[in-house]
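All values below were derived from every heavy atom in this structure, side-chain atoms included, with hydrogens, water molecules and symmetry-related copies excluded. What you see is a predicted model; the values in this text were computed from it and never measured.
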Amino acid sequence: GAGVSQSPSNKVTEKGKDVELRCDPISGHTALYWYRQSLGQGLEFLIYFQGNSAPDKSGLPSDRFSAERTGGSVSTLTIQRTQQEDSAVYLCASSIRTGWWTDTQYFGPGTRLTVL
Amino acid sequence: EDQVTQSPEALRLQEGESSSLNCSYTVSGLRGLFWYRQDPGKGPEFLFTLYSAGEEKEKERLKATLTKKESFLHITAPKPEDSATYLCAVPGGGYQGAQKLVFGQGTRLTINP
């Protein structure tokens, strides 16, 4: 079946502009996650959705970052007033949540964001 | 603090030369350990989940094992197509943290023909 899809695959923007990144999870997966992978850094957690609600936003680095999920499916990560340090690969993952800890997370191909 | 440490950072092997990658973790109450493979420019690809000490899982030339403090990814007679970065991750500790994965820095594996 179809995996997690993300768009765009690449985004180049100018400092100070807003960007929106989209994630389409695997059909039937109720949990959705956003991570960021910077050059030379490991994957760092940003936010987690269960259905349309976000019980854990603890990884969002600043109030310029926000995310929403609608219809229990597609999610959008928005970065306002982008800064050069926001340049990274933004990865989305989804899972079937059966317990109170995470099940296997399946990742999309990522969106490479470059802020000039 | 939940922490995952992988070693070595990079490993270069000749085709057919077997070796092991290490992942050590500190987390309160382990609820699974995940191995992923990541190719350049792509998202992590799921390989294995291990849940309890002593558990082993195999897939082609890869075998993952788990103890109470670490996991090993054994690669037997590797081929050049096994070249990738291998990532290890655990769910964070506590109720709130258990929904997110804490990743190690990865081991960059290169298999020379």
Side-chain angles (χ1 to χ4, degrees), chain A residues 3-7 9-10 21 23-26 29-51 53-60 67 88-112 114, chain B residues 1-10 21 23-25 27-52 55 57 59 64 66 84-108:
Chain A
V4 177
S5 61
Q6 293 186 246
S7 61
S9 54
N10 280 285
L21 313 179
C23 172
D24 213 330
I26 293 171
H29 281 194
T30 57
L32 185 148
Y33 311 80
W34 284 98
Y35 292 84
R36 178 168 75 172
Q37 187 171 34
S38 305
L39 194 63
Q41 301 291 318
L43 277 87
E44 57 172 334
F45 168 81
L46 296 178
I47 187 170
Y48 144 67
F49 287 91
Q50 179 60 37
S53 65
D56 190 353
K57 307 178 184 179
S58 63
L60 295 178
V89 176
Y90 289 82
L91 291 158
C92 176
S94 69
S95 76
I96 296 175
R97 182 182 175 186
T98 57
W100 61 269
W101 59 90
T102 184
D103 286 294
T104 299
Q105 296 183 18
Y106 296 89
F107 284 81
T111 293
R112 180 174 298 277
T114 304
Chain B
E1 182 185 344
D2 305 324
Q3 200 163 16
V4 178
T5 304
Q6 292 187 247
S7 62
E9 286 186 18
L21 314 182
C23 169
S24 62
Y25 58 88
V27 63
S28 55
L30 183 69
R31 292 170 185 88
L33 185 139
F34 301 85
W35 282 98
Y36 290 86
R37 167 192 172 128
Q38 187 173 27
D39 292 297
K42 296 190 176 181
E45 175 190 347
F46 170 70
L47 292 174
F48 304 110
T49 307
L50 302 167
Y51 286 105
S52 55
E55 188 175 0
K57 287 194 176 171
K59 180 179 179 179
L66 181 65
T85 296
Y86 291 85
L87 298 166
C88 168
V90 298
Y95 180 81
Q96 184 78 315
Q99 273 300 321
K100 63 188 177 192
L101 288 177
V102 177
F103 281 86
Q105 295 292 327
T107 293
R108 190 171 65 255

Chain A contact via B/Lys100 - which portion, at a heavy-atom distance below 4.5 Å: both
A/Asp24: partners by salt bridge (charged side-chain N to carboxylate O under 4.0 Å, His left out), with sequence neighbours left out: A/Arg22
Mutual orientation of the aromatic rings belonging to B/Phe103 and B/Tyr36 [parallel < 30°, tilted 30-60°, perpendicular > 60°]: tilted
Partner set under salt bridge (charged side-chain N to carboxylate O under 4.0 Å, His left out) for A/Glu44, not counting sequence neighbours: A/Arg36
Engaged part of A/Gln6 at the chain B interface, taking heavy atoms whose separation is under 4.5 Å: neither
For chain B, the option from A/Tyr33, A/Tyr48, A/Tyr106 that forms the most heavy-atom pairs under 4.5 Å: A/Tyr48
Chain A contacts, top residue of B/Thr49, B/Val4, B/Leu101, B/Val102 (heavy-atom pairs, under 4.5 Å): B/Leu101
Pick from A/Gly42, A/Ser95, A/Cys92 with the largest number of heavy-atom pairs that fall under 4.5 Å of chain B: A/Gly42
Contacting moiety of A/Leu43, where chain B heavy atoms sit under 4.5 Å: both
Heavy-atom closest contact (B/Leu87 atom, B/Gly106 atom, distance): CD2-CA, 3.7 Å
Which portion of B/Gln38 sits near chain A, non-hydrogen atoms under 4.5 angstrom: side chain
Atom pair SG/CG of B/Cys88 and B/Leu47 - distance to nearest 0.5 Å: 11.0 Å
B/Thr107 side chain to B/Pro8 backbone, donor-acceptor under 3.5 Å: yes
